[in-house]
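In what follows, a structure is listed as structure tokens, so that the remarks can point back to it.
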Amino acid sequence: MTAIYKKEIKGYLTSMIGYVFIFFILLLEGIYFTAYNIQGAYPVFGNTLSAITFLFLILIPVLTMKTLAEERRQKTDQMLFTSPVSVENIVLGKYLALVTVYMIPVFVICFYPLIMSKYGTVSYAMAYTAILGFAFMGFAELSIGVFISSLTENPVIAAVVGFLVLFVCFMSEGIGSLVAETSVTSLAIYMVMVAAAAYLIYYMIKNVLIPLIIGLAGEIVLVVLYIVDSTRFEGSFQDFLTIFDITSHFDNFTNGILDIQGLIYFLSIIVIFLFLTIQSIKKRRWS
Amino acid sequence: MIEVKNLVKKYGDHLAVDHLSFHVEKGQIYGFLGPNGAGKSTTMNIMTGYIASTDGEVIINGHNILEEPEEAKKCIGYLPEQPPLYFDMTVKEYLKFAAELKKVPRDRRENQIKDVMKMVGITNMQERLIKNLSKGYRQRVGLAQAILGYPEIIILDEPTVGLDPKQIIEIRELIRKLAKNHTIILSSHILSEVSEVCDYILIINNGKLVASDTTDNLEKMTMGSNTLELSVKGDRERLKNILDQMEEIREVEWVKSEEQDLVSLKITTDENTDVREKIFYKMAEKQMPIMDMHSTRISLEDIFLELTDSAKKTAGSKKRKLRFAWDKKEEEQEAAAVQETDAEGYEQETDPDAHEQETDTEGRRQETDTEGRGQEDEKDDSNL
């Protein structure tokens with residue numbers, strides 16, 4: 001694992017990609033910091049951080065696109081996967097290297113509240129809680145990027161798909177607001193989703209009966225639930241969408257709240273996507 | 001040391017490896033031989049744990065590659081078909097990474113990298129970026145990577161591809177040197193290479209093992225017989241009677257002749273028996289003029305072509321394969337069968353199978369001839 005970790009770090013820091021990533025985060029954060037906190041004399045550092053979260057839509061896919069896709073394209077994965085290192089450790093090594101590179105701008109950002117304290121009183125607890133949330137949000141998005149990179153052998157495709165996925169997550173609140181919050185619309189959307197899931201299962205296992213049963217059962221359960229208590233469906237689709245809204249889980253940190261739920265959310269995203277990455281690599285060996 | 005049992009690999013409906021079984025003993029050089037797309041690389045990829053097999057198992061030093069991958073992979077150094085190189089690293093950086101990846105103890109790393117670089121002759125390239133190296137040097141760096149950690153088994157997939165003749169000889173020497181302490185498996189579609197370096201040859205075609213024996217045995221098999229090609233003017237039945245009386249002849253294969261009232265045939269005899277003189281006198285006695293007679297020797301090349309060709313044609317395969325199983329009984333039966341089928345074909349003068357065989361082998365031979373010449377040219381160039 002350490003061999004891969006070292007190699008990856010070296011790879012990011014001897015090529016443009018790591019520096020571009022660090023540069024843009026620090027550049028934009030610097031601009032907002034100057035405008036809000038220094039010139040505007042605004043004491044809450046969290047808002048400055050949440051202002052640049054949109055940057056991750058581009059920077060995270062660019063940083064993560066090569067991690068696994070490039071190995072596959074250059075066939076260097078043959079060396080990795082025939083070495084006495086487990087797939088888990090390979091993925092973990094790569095992920096930790098990404099985390100380390102990301103920690104460099106975060107570490108620099110840690111000095112900003114200290115600069116602010118020169119000009120007035122700053123709540124360090126609030127500021128550093130925000131930075132903690134900012135760090136974890138980045139970790140979570142990095143794990144999504146790693147997973148997408150494991151799906152393809154073309155880094156450009158990995159970057160584009162990564163951008164789209166993060167973009168949809170970013171916009172999920174907006175998407176939710178497009179849909180009426182009535183219980184009927186929620187029901188209709190869920191029914192369409194169950195049908196889509198059933199079709200997906202059919203597509204994967206090429207068997208009509210099982211997805212048909214699952215689909216029908218799902219639809220019936222939905223309808224029964226609706227008849228029993230239709231008020232539960234009110235606005236539930238919007239609630240459902242917050243699962244995908246990664247940045248919204250950062251909001252509490254912005255306001256200086258140490259949001260345990262948010263931390264658990266980020267950690268579970270990391271675990272799920274790293275697990276999926278390992279599985280997608282292992283699965284490919286069988287096909 | 002390596003036990004491969006009933007290996008099957010399917011890509012969709014395509015069977016890339018078809019119930020392959022063999023085992024590899026310690027301290028020998030094994031050669032995987034087969035035409036392009038025979039399943040050599042797939043088999044090697046399965047043996048090294050890069051891909052999983054659909055069925056069957058690979059056991060390396062008692063460790064199943066799927067169940068105990070780390071233990072098994074520790075025993076293997078692998079050079080895939082395309083050397084797995086990071087182009088933006090220098091040679092030394094790359095080898096350092098490889099040594100670390102293979103868990104070479106820290107205190108031994110530096111020395112081992114030096115030794116390996118010396119072995120494959122890249123010491124003066126160590127500070128160069130891999131992307132600036134030529135194909136031959138890249139191949140050597142890949143080889144160095146496989147040797148690092150001195151694993152018990154070294155698997156090389158077409159190790160000499162892209163090297164110039166001088167480098168090929170160097171690499172062969174290196175492989176022989178390595179074989180003193182390691183078990184080596186290499187694959188190639190070039191027969192001369194395999195027969196020169198390897199102690200044991202496994203011929204694979206269409207994912208199946210068509211022959212496996214020591215190089216010496218395979219060669220003996222070919223040396224063990226002489227073949228005489230003959231064209232005689234006259235009646236076929238009469239000729240058959242004469243030949244039947246000759247005990248030295250082990251097999252007669254009738255070939256369709258292009259000219260009328262000319263009989264063409266191939267005669268196989270034991271080694272060290274020359275029947276040419278005897279045939280000449282017999283034919284003269286019976287007033288059957290010999291229009292053409294020359295002896296041919298089956299080379300390893302022919303075996304390879306024949307084995308790989310025969311497996312393609314499943315119908316005709318038995319007939320050809322049996323020629324290598326020198327079992328007398330089978331041979332006699334087979335000879336009889338051949339004679340029967342050919343007798344029919346001769347009368348009708350339409351034996352598509354026989355015709356196909358002829359053109360096939362002829363075409364192949366021409367191909368190999370030109371290839372051989374090409375290599376010679378290359379050698380000449382390098383000498384200049």
Side-chain angles (χ1 to χ4, degrees), chain A residues 1-20 65-94 96-97 101 149-150 153 155 204-206 278-287, chain B residues 9-12 41 44-55 60 63 65-66 68-90 93-94 96-104 106 109 129-131 141-142 145-146 148-149 151 153 155 157:
Chain A
M1 193 175 90
T2 46
I4 288 169
Y5 174 77
K6 275 198 238 165
K7 180 217 124 203
E8 289 288 301
I9 293 259
K10 223 181 202 174
Y12 290 124
L13 298 185
T14 50
S15 67
M16 283 283 285
I17 199 156
Y19 293 106
V20 167
M65 65 181 181
K66 277 189 168 181
T67 41
L68 290 155
E70 186 75 2
E71 300 269 3
R72 229 170 116 191
R73 196 165 67 155
Q74 303 286 0
K75 309 247 174 181
T76 42
D77 61 339
Q78 281 191 314
M79 179 184 178
L80 300 185
F81 297 134
T82 57
S83 67
V85 181
S86 65
V87 178
E88 286 82 357
N89 278 340
I90 291 170
V91 171
L92 214 61
K94 283 180 169 283
L96 287 179
V101 171
S149 179
S150 78
E153 54 183 292
M204 283 192 291
I205 64 173
K206 305 277 180 219
I278 292 161
Q279 293 307 312
S280 97
I281 291 169
K282 283 190 174 168
K283 189 218 145 220
R284 208 170 46 234
R285 300 166 67 200
W286 293 93
S287 55
Chain B
K9 179 70 185 175
K10 276 185 192 163
Y11 289 116
S41 293
M44 289 189 151
N45 277 337
I46 294 171
M47 282 164 65
T48 51
Y50 177 59
I51 53 176
S53 58
T54 313
D55 199 10
I60 298 187
H63 306 289
I65 192 85
L66 285 178
E68 301 167 273
E70 277 153 69
E71 289 299 312
K73 283 172 186 172
K74 256 185 202 166
C75 312
I76 297 180
Y78 181 37
L79 169 65
E81 208 169 354
Q82 193 183 332
L85 305 173
Y86 293 99
F87 289 162
D88 43 9
M89 285 186 185
T90 65
E93 272 173 354
Y94 173 73
K96 255 187 197 161
F97 167 62
E100 236 175 295
L101 196 67
K102 285 160 186 272
K103 298 178 179 169
V104 177
R106 188 182 292 268
R109 251 177 240 159
L129 280 178
I130 291 177
K131 68 175 154 210
V141 177
Q145 167 269 128
L148 265 180
I153 302 156
I155 298 181
D157 197 352

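Chain letters run A, B, ... following the sequence lines, proteins first and then strands; every chain starts at 1.
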Item to complete: Apply the test side chain to side chain contact (heavy atoms under 4.5 Å, CB included) to residues B/I51 and A/F81: give CA-CA distance (whole Å), side-chain angles for both, the deciding distance (0.1 Å), then the verdict.
Response: CA-CA 9 Å; B/I51 53 176; A/F81 297 134; over 6 Å; no
Worksheet item: Between B/N45 and A/Q78, is a side chain to side chain contact (heavy atoms under 4.5 Å, CB included) present by the stated rule, with each step listed?
Response: CA-CA 8 Å; B/N45 277 337; A/Q78 281 191 314; 3.2 Å; yes
Discussion item. Set out, in order, the CA-CA distance, both residues' side-chain angles and the distance that settles side chain to side chain contact (heavy atoms under 4.5 Å, CB included) for B/E100 and A/K7, then state yes or no.
Written reply: CA-CA 10 Å; B/E100 236 175 295; A/K7 180 217 124 203; over 6 Å; no
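Contact between A/M79 and B/A98 at its shortest, heavy atoms only, is CE-CB, 3.4 Å. What you find for A/Q74 and B/F87 is that their closest heavy atoms are OE1-CE1, 3.8 Å.
Of all the listed residues (A/S83, A/G11, A/S15), the one sharing the greatest number of non-hydrogen pairs under 4.5 Å with chain B is A/S83.
With a 4.5 Å cut-off on non-hydrogen atoms, A/K10 touches chain B through its side chain but not through its backbone. Heavy atoms of B/L85 lying under 4.5 Å from chain A belong exclusively to its backbone. For B/Y11, the part sitting under 4.5 Å from any heavy atom of chain A is the side chain, from C-beta outward, and nothing else. Using a 4.5 Å cut-off between heavy atoms, A/L80 touches chain B through backbone and side chain atoms alike. Residue contact with chain A, scored on non-hydrogen atoms closer than 4.5 Å, involves the backbone and the side chain of B/K74 alike. Of the atoms belonging to B/Y78, it is side-chain heavy atoms, and not backbone ones, that fall under 4.5 Å from chain A. Contact annotation for B/S53: only backbone heavy atoms (N, CA, C, O) come within less than 4.5 Å of a heavy atom of chain A. Contact of B/A146 with chain A is not made at all, since no heavy-atom distance falls under 4.5 Å. B/P69 does not touch chain A: none of its heavy atoms, backbone or side chain, sits under 4.5 Å away. In this structure, no portion of B/E71 lies under 4.5 Å from any heavy atom of chain A. In this structure, the portion of B/L66 lying under 4.5 Å from any heavy atom of chain A is its side chain and not its backbone. In this structure, no portion of A/E70 lies under 4.5 Å from any heavy atom of chain B. Residue B/K96 does not touch chain A at all, counting heavy-atom pairs closer than 4.5 Å.
Residue-environment remark: NZ (A/K66) stays at or below the threshold of 12 foreign heavy atoms within 6.0 Å.
To the nearest 0.5 Å, atoms OG1 (A/T2) and NZ (B/K103) are separated by 8.5 Å. One distance of note links CE of B/M44 with OG1 of A/T82; it measures 12.5 Å at 0.5 Å rounding. Here the NZ atom belonging to B/K10 is positioned 14.0 Å from the CH2 atom belonging to A/W286, to the nearest 0.5 angstrom. The CD atom of B/E93 sits 7.5 Å away from the OG1 atom of A/T14 when rounded to the nearest 0.5 Å.
The side-chain heavy atoms of B/L101 and A/V85, taken from C-beta on, include a pair separated by under 4.5 Å.
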